[in-house]
Each structure stands twice: as C-alpha cells, then as structure tokens.
Protein chains: 2
Amino acid sequence: MKLTSKGRYAVMALVDLARFDNINPVSLRDISLRQGISLDYLEQIFSKLKKNEIVKSIRGTQGGYVLNKNPNEIKLTNIFHAVDEKVKTVQCKKESKKGCNGKATKCVTHNLWDELEVHINTFFENKSLKDLLNNNQETRV
Amino acid sequence: MKLTSKGRYAVMALVDLARFDNINPVSLRDISLRQGISLDYLEQIFSKLKKNEIVKSIRGTQGGYVLNKNPNEIKLTNIFHAVDEKVKTVQCKKESKKGCNGKATKCVTHNLWDELEVHINTFFENKSLKDLLNNNQETRV
DNA sequence: TATAAACTTGACCATTTTAGTCGGGTATGT
DNA sequence: ACATACCCGACTAAAATGGTCAAGTTTATA
Ligand code: FES
Ligand code: FES
C-alpha cells in the first residue's frame, strides 16, 4: 500500500499555494523550485486540479494559480479525487455480486477490505488544507 | 493507494487455512481451488509465511500447512510484514533529517503522511485472524 | 508592438512493480 | 515405487509510475 507521488505532490503544491496566493497568483515555476517538483509534472497535476475547480488559473505574465475555495473547504478527499489518487483495496467490482478471481460470491475477506477502505477514506475526509496550514505554522516555530 | 494481491491473497489463504486446519494439514492445492489463487503464487506467499513462523509445513503425501499460532495471535500486521506488504506514505527516509526530493528539511506535508501511516497501521494492528473468522460466520448465515 | 512569462494540451517514454509462470528439485505416507 | 505435496530460484508479460518533450495560446509590460 503506497501513496503515489502524484497525490503527495498535489497536496504539497496546494499547501504551498495556500500560503502565498493572498499576495498574488503563484506560478508553477515557483512551486516547482520551492518544493522540488518537476515543472512539467506539476502542469499535469494542476490541469486536473483546475478541471475539478480546486484552483483557478491566470494566464500571461505575472499569472499563475490561485485557490478557488477557502482552504477549509478543500479536503484531502477532494484533492485526491481530482488527481485520480484513489484508495482501492479490492480487485472485484463493488457493485457486482461477483467476487474476485471470477468467483460467484464475494470472498472471505471482502468485508475486511471494505472496512479498510472506509477507514482510510475517513482520514482524508477529515483533513482540509486549512488543517495543514495551521499544523505547519506550529511546527515552523 | 492500492492494496496488492499478494497481501490480499495472504489473508484470504490464512482465513481458509484457519477454518480447516483443525482437521488435518491443508494443502496449497486445496486453497488454490477454493480461493481461486494460482498455486505457484501461493507457494511463494507461504514460503514467506513459514519463514515468519505464521504457519508450519508438513511435507509428503497428506501434508500441507497448519497455523503456527492461535488465530487471535496473528494480526494483519504480522501477515503483511511477512509478505512485505508495507504501508509507505512517504518517499523520504524516515530516520534521516532530510526531506523528499533531496531537500535539506522535511517537506510541508511530511507530518501529514506520517499521521496517515499510523492511521492505517492501527487498523492492521487491531485486526486478528480470529476477528475474520467470527465475522465470517456471521455473514455466512 | 515585441517579448517573455506563464498557462495548455497531448504525446511519448524509461523504469519499476506486480502478478504471476516455469522448471526443477526433495520429503514422505501408502 | 510412486504420487502427493512442499521447496527454491529464475524468469517474464503487462501495467503502473513518474516523469519528459514539443508545440502551442494568452497576456502584462517595457
Ligand atoms: S475482494 Fe471482493 S470478493 Fe474478494
Ligand atoms: S514526505 Fe518526508 S519530506 Fe516530503
């Protein structure tokens, strides 16, 4: 079970953005330099964040990105959903009655993995960008 | 974030084993047929489970595997550790002061991912094979 | 109005991981 | 003896990951 860089980068970048976008739009170039993330990769990520209305873009010189919502309205769930970082604990189709490995019924551990998925998603549901900002000011001292 | 088949199979197989090993050793062939898991793959998995003293093997005809501990002493943590299914939420070295992407300090989200890792591991720590057996008898009705 | 900064889009790619397979063993109950 | 079942290591096809690259379009500002 590992968290992919795409998900990690998305959150890193948004925390960075949240810190600086009150002053003026933040360019991906700046985020790239500050966070050490490839610029080209960031562009892919922000394209998705924009489609999901988490950020707004301003084109042209002095342009960049700005948050499209308040930090406390942006949950990790929203961010992960935007960049397709999904929690997947089973192979079988959730809706179908069928189990994994082509079995006719759900396997002996299916409920367990379902529980696990809920457990993890709860964490993402309960964290917003704002939490990360506060948290970070604390550890900054 | 996805759970790999190796981890899922290990737990499936052990639940199967726990159900039948009071009578006599359970062969991988039987588990393979009942659970729909490749026999060759199961052998790799059980080799690790054995090294970690979660199961014992009996060779020869009528042989097979038996649990090496009580179901309530076998936690998901133990199983996952045995088959190298580890939870990994960060890229950076935990021990090092250095951050991800070669930065000198830990990044703005490091604490978050640490929390997440603990959150997930807590789930695995609190579930034993016994829980799965009980749970399953309930849903069997 | 020329220029450069910065977003936009889509294709491409190397590496790593996953989920196995395969081919040989060795031990042992009947 | 022989079939059953564990044991062990090498190999591999396919998918996912973590990017890169090329070719735009938009817009502030000098
Ligand atoms: S995981 Fe859903 S049926 Fe096995
Ligand atoms: S995740 Fe540990 S420093 Fe970024």
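Small disclaimer: the values here were computed from a predicted structure and weren't measured. Order of the sequence lines fixes the chain letters, A, B, ..., with proteins taken first and strands second; residue numbering starts at 1 for each chain.
Between A:K50 and C:dT8 there is a side-chain N or O to OP1 or OP2 distance below 4.0 Å.
Separating the CG atom of B:L42 from the P atom of D:dC7 is a distance of 13 Å, rounded to the nearest angstrom. If you measure from atom CD1 of A:I45 to atom P of C:dA6, you get 19 Å, rounded to the nearest angstrom. Per the geometry, NZ belonging to A:K48 stands 17 Å off C1' belonging to C:dC7, to the nearest Å. Remark: C1' of C:dA6 and CD1 of A:I31 are 12 Å apart, rounded to the nearest angstrom. Nucleotide D:dC6 holds its C1' atom 13 Å from the NZ atom of B:K51, rounded to whole Å.
Partners of A:P25 by side chain to side chain contact (heavy atoms under 4.5 Å, CB included), not counting sequence neighbours, listed by chain and number: A:I58, A:V66. Annotation: side-chain hydrogen bond (donor to acceptor under 3.5 Å, both in side chains) contacts of B:E125 (sequence neighbours excluded): B:K75, B:T77. Legend: residues meeting side-chain hydrogen bond (donor to acceptor under 3.5 Å, both in side chains) with B:T4, ordered by chain and number and at least two apart, are B:E85. Annotation: side chain to side chain contact (heavy atoms under 4.5 Å, CB included) contacts of A:N24 (sequence neighbours excluded): none. Among residues two or more places apart in sequence or in another chain, the side chain to side chain contact (heavy atoms under 4.5 Å, CB included) test is passed with B:K56 by B:N68.
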Under 3.5 Å, sequence neighbours excluded: what are the donor-acceptor pairs made by side chains of residues 39-55 of chain B?
from  : atom 1 : to    : atom 2 : distance (Å)
B:K48 : NZ     : B:D84 : OD2    : 3.2
B:K50 : NZ     : B:S57 : OG     : 3.1
B:N52 : ND2    : B:K48 : O      : 3.0

Show me the side-chain donor-acceptor pairs of residues 94-104 of chain B shorter than 3.5 Å, one per line, residues at least two apart or across chains.
from   : atom 1 : to     : atom 2 : distance (Å)
B:K94  : NZ     : B:E117 : OE2    : 2.8
B:S96  : OG     : B:K98  : N      : 2.8
B:N101 : OD1    : A:Y9   : OH     : 3.3
B:N101 : ND2    : A:Q35  : O      : 3.4
B:N101 : ND2    : A:G36  : O      : 3.0
B:K103 : NZ     : A:L33  : O      : 3.3
B:K103 : NZ     : A:R34  : O      : 2.3

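Between A:L67 and A:L14, some side-chain heavy-atom pair lies under the 4.5 Å cut-off. In this structure the side chain of B:I120 reaches within 4.5 angstrom of the side chain of B:M1, judged on heavy atoms.
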Base-pair map of DNA chain D as dot-bracket, where | denotes pairing with a different strand and pairs are Watson-Crick or G-U under 3.5 Å: ||||||||||||||||||||||||||||||
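Residue pairs meeting the ring-ring contact (aromatic ring centres under 6.0 Å, His included) criterion with at least one partner in residues 86-111 of chain A, sequence neighbours excluded, do not occur; the list is empty.
When heavy atoms are screened at a 4.0 angstrom cut-off, B:S47 is found touching no nucleic acid atom at all. Among the atoms of the strands shown, only primed sugar atoms or phosphate atoms (P, OP1, OP2) are found under 4.0 Å from some heavy atom of A:Y65.
Contacts between residues 22-29 of chain A and DNA chain C, defined by a heavy-atom separation below 4.0 Å, involve A:V26, A:S27, A:L28, listed by number. At a non-hydrogen distance threshold of 4.0 Å, nothing from residues 74-90 of chain B comes into contact with DNA chain C.
Distance CG/B:L132 to CZ/B:R19: 10.5 Å, rounded to 0.5 Å.
Within a 6.0 Å radius of NE2 in A:H119, other residues, nucleotides and ligands contribute more than 12 heavy atoms.
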- line: Scoring nucleotides 19-30 of chain C by protein non-hydrogen atoms under 4.0 Å (B base, S sugar-phosphate only, - none) yields BBBB--BBBBB-
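A donor-acceptor contact shorter than 3.5 Å is absent between the side chain of B:D16 and the backbone of B:I31.
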